[in-house]
Amino acid sequence: MIVLGLESSCDDTAVGLVNDKREILAQAAASQIEAHRPFGGVVPEIAARAHLDKIDLLVRAVLDQSGLTLDNIDAIAATCGPGLIGGVMVGEMMGKAIAAAKNKPFIGVNHLEAHALTARLTNDVTFPYLLLLVSGGHCQILLAKGVGAYERLGGTIDDAVGECFDKAAKLLGLGYPGGPLIEQAAKGGNEKAFDFPRPLLGRKGCDFSFSGLKTAVRTKVEELKAQNLFFPIPDPRSPIPHLAASLQRAIVESLEDRVKHAFGMIDVQPTALVVGGGVAANSRIRTSLTALAQKHGVPFMAPPPALCTDNGVMVAWAGLERFRLGATSPLDFRARPRWPLQELQAGHA
Ligand code: KG4
Ligand code: ZN
């Protein structure tokens with residue numbers, strides 16, 4: 001069984017090809033970072049046009065890489081939300097067009113479910129597992145009970161954690177996208193240099209809050225600028241590595257605390273602690289969660305960093321998980337800018 005997956009919900013155009021032996025047969029992606037960089041964030045119109053420019057070339061590239069033709073593919077999966085709707089529709093329409101032309105089944109994939117299931121492609125993970133889903137637009141803790149069956153234990157009450165990384169990076173003048181740049185800058189910094197707040201630390205439940213942390217970074221940067229102490233990197237007097245490291249530590253400790261609470265909220269023993277989403281590429285976060293999982297007697301499972309950030313393989317895999325349960329989508333299946341995981345049904349799109 002071979003499934004083609006198309007991803008175009010944010011700023012990566014990506015296509016992947018996987019089979020039911022959990023093999024990645026091919027993958028190709030085009031990043032739009034350069035197109036959005038001057039604006040410091042993703043511009044929806046620019047994103048949609050860039051997806052349109054690239055998606056057919058990427059489909060051709062994965063077919064060439066794998067030596068397969070569309071006739072060898074059993075089903076076509078495309079992200080149908082949540083995301084920037086202009087972009088989502090590019091992948092959705094391409095997927096439906098191939099499905100219609102080749103008379104193959106189509107699967108409308110929820111982007112969050114694609115992040116949630118990636119670890120089942122790359123690691124031996126069975127349900128139920130505790131899942132920390134952390135990306136640019138989402139931040140939630142779920143109990144994954146099956147394909148399409150997610151119990152939400154907590155989520156952010158304001159900004160997503162990736163958004164916090166991205167906005168802080170902008171304040172520090174590091175650029176876009178922020179997460180990897182903060183991680184890089186933090187390597188040369190002292191994570192105890194600044195005492196940033198750890199929002200909701202110790203509070204009941206496992207909700208998150210990151211907007212106060214972002215404000216604290218802004219206040220500190222303004223203070224340092226007013227004192228003429230905000231030297232840019234690579235000036236050895238630059239506070240930026242210390243700010244980045246201290247921010248990263250505050251984020252890590254918040255995530256750790258919230259996941260610790262989540263363990264106490266479930267009445268089943270999960271098989272693993274799993275992470276997904278772009279922020280899960282962060283090695284400091286991965287290290288701290290590995291230790292936390294160990295304390296709770298479960299393995300920590302994380303897809304390789306390149307499969308944590310948006311990619312086509314995860315969409316192909318989520319499509320395959322649904323396809324083998326018989327959960328295909330009609331060709332009039334509607335793309336959705338908002339599409340919470342809880343609105344999925346077990347085994348159905
Ligand atoms: O999953 P993703 O590629 O797109 C969304 O679905 O949002 O996640 C993108 C987010 C961005 O906020 C980016 O800054 C963050 O993931 N990110 C990271 C790292 N790599 C990407 N955050 C922290 N550390 C990283 N290494
Ligand atoms: Zn994503």
Side-chain angles (χ1 to χ4, degrees), residues 5-14 16 27 29-33 36-37 40-42 44 47 51 78-85 87-88 91 109-119 131-140 155-156 159-172 174-187 189 191 208 210 213-214 217 244-245 247-252 254-255 275-289 302-315 317-318 337-341:
L6 310 174
E7 162 60 35
S8 60
S9 66
C10 192
D11 58 345
D12 292 287
T13 323
Q27 55 180 318
S31 163
Q32 304 176 358
I33 287 179
H36 299 295
R37 200 189 294 282
V42 180
H51 289 307
T79 295
C80 283
L84 301 171
I85 196 68
V88 169
V109 167
N110 178 300
H111 180 85
L112 301 174
E113 179 166 59
H115 279 305
L117 296 175
T118 311
L131 172 71
L132 173 67
L133 205 127
V134 276
S135 72
H138 301 273
C139 184
Q140 38 189 299
T156 184
D159 292 350
V161 59
E163 213 173 329
C164 179
F165 271 115
D166 293 338
K167 288 181 178 164
K170 207 166 168 178
L171 289 167
L172 298 182
L174 291 173
Y176 157 88
L181 295 166
I182 296 239
E183 180 173 11
Q184 191 55 33
K187 285 189 178 136
E191 62 174 28
F208 301 88
F210 290 105
L213 185 50
K214 176 192 66 196
V217 173
L247 168 75
Q248 188 172 252
R249 173 170 165 239
I251 290 176
V252 165
S254 297
L255 294 177
V275 285
V279 179
N282 185 286
S283 56
R284 179 77 173 73
I285 293 174
R286 293 163 87 100
T287 310
S288 90
L289 294 179
L307 292 181
C308 285
T309 48
D310 290 350
N311 62 86
V313 167
M314 70 180 192
V315 179
W317 176 253
R338 275 184 46 77
W339 188 6
L341 271 180

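Just so you know, residue 1 is the first one in the sequence shown, and it goes up from there. Note that ligands are numbered from 1 as they come in the structure, with each ligand's atoms numbered from 1 the same way. Worth knowing before you read on, the calculation uses all heavy atoms, side chains too, and leaves out hydrogens, waters and symmetry mates.
- Taking only nitrogen or oxygen atoms, main chain and side chain alike, E163 does not reach within less than 3.5 Å of ligand 1.
- The shell of residues lying under 4.0 angstrom from ligand 1, judged by heavy atoms, includes P180.
- Considering only non-hydrogen protein atoms, atom 23 (C) of ligand 1 sits nearest to G179 CA, 3.4 Å.
- With rounding to the nearest 0.5 angstrom, the CG atom of L247 is 13.0 Å from the NZ atom of K167.
- Going from atom CG of L131 over to atom NE2 of H115 covers 10.5 Å, rounded to the nearest 0.5 Å.
- With respect to V88, the side chain to side chain contact (heavy atoms under 4.5 Å, CB included) criterion is satisfied by exactly one of P82, C10, S9: S9.
- When only non-hydrogen protein atoms are considered, atom 9 (C) of ligand 1 lies nearest to G136 N, 3.7 Å.
- With rounding to the nearest 0.5 angstrom, the CH2 atom of W317 is 12.0 Å from the CG atom of L307.
- Nearest non-hydrogen protein atom to atom 24 (N) of ligand 1 is N282 ND2, 3.1 Å.
- Residue contact check: H111 has heavy atoms under 4.0 Å from atoms 6 (O) of ligand 1.
- With rounding to the nearest 0.5 Å, the separation of CG in L6 from OG1 in T13 is 10.5 Å.
- Within the model, atoms CZ of R284 and NZ of K187 stand 12.5 Å from one another, a figure rounded to the nearest 0.5 Å.
- The Zn ion (ligand 2) has no N, O or S atom of H138 closer than 2.8 Å.
- Some N or O of G162 is nearer than 3.5 Å to an N or O of ligand 1, by distance alone.
- To the nearest 0.5 Å, atom CG of residue D11 and atom NE2 of residue H51 are 7.0 Å apart.
- Residue contacts with ligand 1: D166 is placed with a nitrogen or oxygen under 3.5 Å of a nitrogen or oxygen of the ligand (distance criterion only).
- The shortest contact between atom 15 (C) of ligand 1 and any protein heavy atom is with V279 CG2, 3.9 Å.
- An N or O contact shorter than 3.5 Å is missing between G277 and ligand 1 by distance.
- Among the backbone and side-chain atoms of H111, an N/O/S atom is found under 2.8 Å from the Zn ion (ligand 2).
- Its N, O or S atom nearest to the Zn ion (ligand 2) is what matters here, and for D310 that atom is OD1.
- Heavy atoms only, all atoms of each residue included: D166 and P177 are closest at OD1-C, 3.8 Å.
- Listed by number with element, the atoms of ligand 1 under 4.0 angstrom from any heavy atom of F165 are 22 (N), 23 (C).
- In summary, the atoms of ligand 1 found under 4.0 Å from a heavy atom of E183, numbered by their order in the structure, are 24 (N), 25 (C), 26 (N).
- Close approach of ligand 1 to T309 (heavy-atom distance below 4.0 Å) involves ligand atoms 3 (O), 21 (C).
- At the top of the distance list for atom 4 (O) of ligand 1, counting protein heavy atoms only, stands D310 OD2, 3.1 Å.
- Contact atoms of ligand 1 toward G278: 1 (O), 2 (P), 8 (O), 16 (O), 17 (N), 18 (C), 19 (C), 20 (N), 21 (C) (distance under 4.0 Å to a heavy atom of the residue).
- The contact set between ligand 1 and H115, taken as ligand atoms under 4.0 Å from a residue heavy atom, comprises 1 (O), 6 (O).
- Of all atoms in ligand 1, listed by their number and element, those nearer than 4.0 Å to a heavy atom of G137 are 7 (O).
- When side chains are defined from C-beta on, E7 does not count as touching N311, because their heavy atoms never get closer than 4.5 Å.
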